[in-house]
Amino acid sequence: MTKEILSVQNVKASYGAIEALHGIDLVVNEGEIVVVLGANGAGKTTTLRAICNMLSTSGTVMLDGEDISKTDTASIVAKGVAHVPQGRGTFAALTVRENMEVGAYTRNDDEVEADIDMWFEKYPVLGERQKQAAGSLSGGEQQMLAVARAAMSRPRLMLLDEPSLGLAPLIIEDLFRTFAQINKEQGTSMLVVEQNANLALEIADRGYLIETGLITGSGTADELRNDPAVQAAYLGA
Amino acid sequence: MTLLLQRILDGLFNGSIYAALAVALAISHRATGRINLAQGEIGLVGAFVALALASPVGAFVAGSTLFAHLPGHPFSLRLATVVAVAVAAVFGAGLQAFVMRDFADLNPQRALNRSIALLICVSALSSGWWGGRARQFGELFPSSSRDYIGIFGARLRYTTIGAWVIVLLVCGIVHLFLTSTRTGLAFRALTAHRESAELSGIQPRRLMALGWAISGALAATAAALAASMSLIDTSLMFRTLIYGLAAVTLGGFDSLKGAVFGGIIVAQAQTLLPGYAGLPSEMSIVGALIVLILVLITRPWGLFGHRPVERV
Ligand SMILES: Nc1ncnc2c1ncn2[C@@H]1O[C@H](COP(=O)(O)OP(=O)(O)OP(=O)(O)O)[C@@H](O)[C@H]1O
Ligand SMILES: [Mg+2]
């Protein structure tokens, strides 16, 4: 039987008087990559933020069978969730290396340095600039840093909010290869919000469609790829 | 020439007080992202606690009867000051954790109101307990008329040297904490981007209280130094706060070094400008304000602060 690492049940969220999520249900099984597709303003970012309790919500969020809907954000992260927010959120005033060290804040083992070096090898730009303030990196470089920093916590579940935003096509492909690799080697489950549906469906096992705060469809990656409605809306077919 | 040098050396003492308060303001601002106008008053409570710890019961200092049961009371002023600095740290942390818990979440306008309210409350507290006449605080360093080092005919007093040793020592410890400990890194991450810090598993509340503890200790150091130079009364730190705010604005809120140099510059402007511009000494604050306005016009992020970079 497959084990659910994340289960979102009837989650609603509002910004002031406006309800942005009207009751979302979705599941990520252990080891899966799940993609969320939806138009601008559909509620993708809000869904990821709700999972980490970054805004007030109703409904239930279960992590590995444990109800985390009342747990504070930092404690959720300490339980093994890494969230790369839309718009990167790098620590501009800290150096690149310090950003990586903060990423490992919840860890207590002695392999942090080795992990940092591994990432610097994968992304040499980051290695070369490890002593520079992260704010001096280009937008794309900061996106790489944000992903690497999140991976530094060795999460069980990664939430990625449009990781390809603003990156060059070749870098995006490389980034998605990295996700697939992390997923395979470390068994990290992933929930990925992505506009780049083609690439996302390539590495994903399953996916959900979200429209104005409601889940309107789901299926395996293949099913979604071959669905005419999905093709028209997200795959530019 | 000797007169000029003497004025500069005299200004250095006040500079140490402003530097300590400016660093305190900068640290509490880093912790909560808002200016804590009660910072000086928190330090003043510390200085009064030191006075109570060092005064015999008959001196009628509020608190001295409370502490009279402690073995060894009244304590030497130096020991009392060290203890009081720790008390001010706990006081600052307590205020942040309980009274000002949501300070960082308020919008700037409401945060300003809250900050002023805290200033009034803490000030009322010390006025209630220690109000009335100004009192002798005592000397922290040898300060008779012979306690100085001569430099080209001018006198660098031991009190000035002692004050700077203390201030630089405390600032050095804070700097080391921020740059070479795990908690210090977490604190800087919180300052840089609160949401991302929480998404890295950092608990903001504890670090905010810690930041206010550090700044409470620094402010109490400033208050004790200011009190040791003149008398202690309940308005002592309100005057000092204006110079401290000028110093930290001058140096930049994000730089400890800047806050220290800001303190020196403000104190020098305070002593030198009125003297040479022929202003009466009651107008000494004008000198500090002129420098402040000049900096705000030319470098709004402060002399040592980092120019904000916006990326698109
Ligand atoms: N801070 C906010 N205050 C008020 N309304 C908000 C806020 N953030 C989002 N919303 C609203 O909530 C709805 C969902 O927004 P959300 O950011 O989740 O969309 P999204 O699917 O991530 O869109 P995008 O693809 O543009 O990132 C939108 O209607 C948006 O206007
Ligand atoms: Mg979004």
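The sequence lines fix the lettering, A, B, ..., with proteins before strands; numbering per chain opens at 1.
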Worksheet, complete the sentence: Highest number of heavy-atom pairs under 4.5 Å with chain A among B/A192, B/A197, B/P204, B/A189 belongs to B/A189
Fill in: Least distance between heavy atoms, A/T106 atom then B/G201 atom
CG2-CA, 3.9 Å
Item to complete: Let me see the working for B/R188 and A/E98 under salt bridge (Lys or Arg N to Asp or Glu O under 4.0 Å), right down to the final yes or no.
Response: CA-CA 10 Å; B/R188 285 188 294 135; A/E98 285 170 342; 2.9 Å; yes
Discussion item. I'd like to verify something: which residue of A/V81, A/T90, A/L94 has the highest number of heavy-atom pairs under 4.5 Å with chain B?
Written reply: A/L94
Discussion item. Looking at B/S196 and A/G89, would you say the former's side chain and the latter's main chain have a donor-acceptor pair under 3.5 Å?
Written reply: yes
Discussion item. Using 0.5 Å steps for rounding, measure from the OG atom of B/S200 to the NE2 atom of A/H83.
Written reply: 11.5 Å
Item to complete: Please flag which part of A/D72 lies under 4.5 Å from any non-hydrogen atom of chain B: side chain, backbone, both or neither.
Response: side chain
Worksheet item: Which region of A/M152, side chain (C-beta onward) or backbone (N, CA, C, O), has a non-hydrogen atom less than 4.5 Å from a non-hydrogen atom of chain B, or is it both or neither?
Response: neither
Worksheet item: Above 12 or not: heavy atoms from other molecules or residues under 6.0 Å from CZ of B/F261?
Response: no
Fill in: Contact origin within A/S153 toward chain B - heavy atom pairs under 4.5 Å
neither
Item to complete: Count the heavy atoms belonging to other residues, nucleotides or ligands that lie under 6.0 Å from CZ of B/F238, then report whether that count exceeds 12.
Response: no
Practice prompt. Measure A/S75 against the heavy atoms of chain B and call it side chain, backbone, both or neither at under 4.5 Å.
Written response: both
Item to complete: Could you look at B/E198 and say if it's the side chain, the backbone, both or neither that has a heavy atom under 4.5 Å from chain A?
Response: both
Worksheet item: Any chance CZ of B/R110 has more than 12 other-residue heavy atoms, nucleotides or ligands included, within less than 6.0 Å?
Response: no
Worksheet item: Checking A/R107 against chain B: side chain, backbone, both or neither under 4.5 Å from a heavy atom?
Response: backbone
Worksheet entry | Closest heavy-atom pair and its distance - B/R182, A/Y105 | NH1-O, 2.9 Å
Worksheet item: Is the count of non-hydrogen atoms from other residues, nucleotides or ligands lying under 6.0 Å from A/Y15 atom OH greater than 12?
Response: yes
Discussion item. Distance check, rounded to the nearest 0.5 Å: B/L199 atom CG versus A/L159 atom CG?
Written reply: 9.0 Å
Discussion item. Just checking B/R206: does its CZ atom have more than 12 heavy atoms from other residues, nucleotides or ligands closer to it than 6.0 angstrom?
Written reply: no
